[in-house]
Amino acid sequence: MNVHQETMRQPVTIHGTVADYIAESGFAIAVLAGIAAAFSGIGSRLGWWHFMTGFTILRTAAIAGFVAAIVSLLGGILARQEHRRAVFFYAAAGILTGLIVAGIPWSWFRTAQLMPRIHDISTDTKNPPRFKAIMPLRKNAENSLNYGGPGVAMQQKA
């Protein structure tokens with residue numbers, strides 16, 4: 001048996017490069033951030049946690065998505081330098097997924113900043129309905145049950 005035949009019998013082991021680990025890590029972080037973002041609202045809706053906890057999870061997922069995009073970008077740069085096409089696609093998927101996960105909550109935040117800060121919307125701003133049955137349940141609530149009056153009505157109409 002010659003040397004060529006002997007080397008063909010050896011299992012081929014490909015060791016991952018730094019680019020492999022960075023790009024795959026960025027992609028994994030982006031996917032996990034996306035799952036967390038999706039479950040932030042689902043968990044609140046199903047009563048698994050308070051809605052403020054859902055907002056905290058969403059904020060953390062958005063930050064993780066942004067971090068994932070940066071990590072994936074670094075992995076993509078390294079993969080490009082090493083001419084590793086498959087790894088480059090992992091990096092591109094991580095960048096795209098991470099930016100989507102970060103971008104959607106950022107867009108919602110920007111929209112919220114442009115809207116008036118009112119917590120009560122009424123269909124009848126001249127004679128808003130009075131709440132009675134819910135009053136005992138909301139006695140320690142941060143927001144009052146009283147309608148804000150003409151000032152809130154103007155903001156609502158705007």
Side-chain angles (χ1 to χ4, degrees), residues 16-131 134-135 137-158:
T17 65
V18 173
D20 293 351
Y21 295 123
I22 292 175
E24 290 170 1
S25 296
F27 179 71
I29 293 168
V31 169
L32 291 174
I35 292 169
F39 273 98
S40 68
I42 293 169
S44 294
R45 185 70 150 171
L46 295 176
W48 294 347
W49 46 71
H50 191 267
F51 78 93
M52 290 304 291
T53 303
F55 280 131
T56 301
I57 293 169
L58 182 63
R59 182 180 310 114
T60 304
I63 293 167
F66 183 70
V67 169
I70 292 171
V71 170
S72 294
L73 178 64
L74 178 61
I77 291 169
L78 293 174
R80 184 107 166 115
Q81 290 173 349
E82 295 175 6
H83 304 290
R84 310 237 341 158
R85 180 173 263 172
V87 177
F88 184 76
F89 286 120
Y90 261 112
I95 293 168
L96 182 64
T97 305
L99 289 178
I100 289 171
V101 171
I104 291 172
W106 179 78
S107 172
W108 293 339
F109 175 75
R110 293 288 303 142
T111 301
Q113 295 301 310
L114 299 173
M115 298 295 139
R117 293 186 167 271
I118 54 177
H119 70 277
D120 189 11
I121 305 290
S122 179
T123 54
D124 185 355
T125 57
K126 291 185 172 71
N127 188 20
R130 303 279 182 230
F131 297 106
I134 195 85
M135 289 181 84
L137 300 173
R138 293 197 30 98
K139 64 183 173 189
N140 295 328
E142 293 178 27
N143 299 325
S144 164
L145 285 174
N146 298 327
Y147 187 69
V152 171
M154 284 181 22
Q155 288 180 332
Q156 182 181 332
K157 287 179 184 178

Interatomic distance, F88 atom CZ to L78 atom CG [nearest 0.5 angstrom]: 11.5 Å

Spacing of L99 atom CG and I70 atom CD1 [to the nearest 0.5 Å]: 9.0 Å

Minimum heavy-atom distance G65-A33, with the two atoms named: N-CB, 3.8 Å

Separation between CG (L58) and CD1 (I63), nearest 0.5 Å, reads 10.0 Å

Tell me whether the count of non-hydrogen atoms from other residues, nucleotides or ligands lying under 6.0 Å of CH2 in W106 goes above 12. no

Measuring from atom CZ of F55 to atom CH2 of W108, what distance do you get when rounded to the nearest 0.5 angstrom? 9.0 Å

How close do A64 and I29 get, heavy atom to heavy atom, and via which atoms? O-CG2, 3.6 Å

Main chain of A68, side chain of S72: is a donor-acceptor contact present, judged purely on distance under 3.5 Å? yes

Looking at every heavy atom in both S40 and A37, which two are closest together, and how far apart are they? OG-O, 2.6 Å

Where do A36 and A61 come nearest, in terms of heavy atoms and distance? CB-CB, 4.0 Å

Considering all heavy atoms, the nearest G34-V101 contact: CA-CG2, 3.5 Å

For the residue pair F27 and Y90, does the interplanar ring angle fall in the parallel (under 30°), tilted (30 to 60°) or perpendicular (over 60°) class? perpendicular

Give, for atom CD1 of I100 and atom CD1 of I104, the distance between the pair rounded to the nearest 0.5 Å. 6.5 Å

Quick one: closest heavy-atom pair of T97 and V31, and the distance? CG2-N, 4.3 Å

Go through it in stages, so that I can follow the logic: the residues are M52 and T56, the test is side-chain contact (heavy atoms from CB on, under 4.5 Å), and I'd like the CA-CA distance, side-chain angles, deciding distance and then a yes or no. CA-CA 6 Å; M52 290 304 291; T56 301; 5.5 Å; no

Looking at I42, is its backbone amide N or carbonyl O close enough to the side chain of W48 to form a donor-acceptor pair, meaning the two atoms are under 3.5 Å apart? no

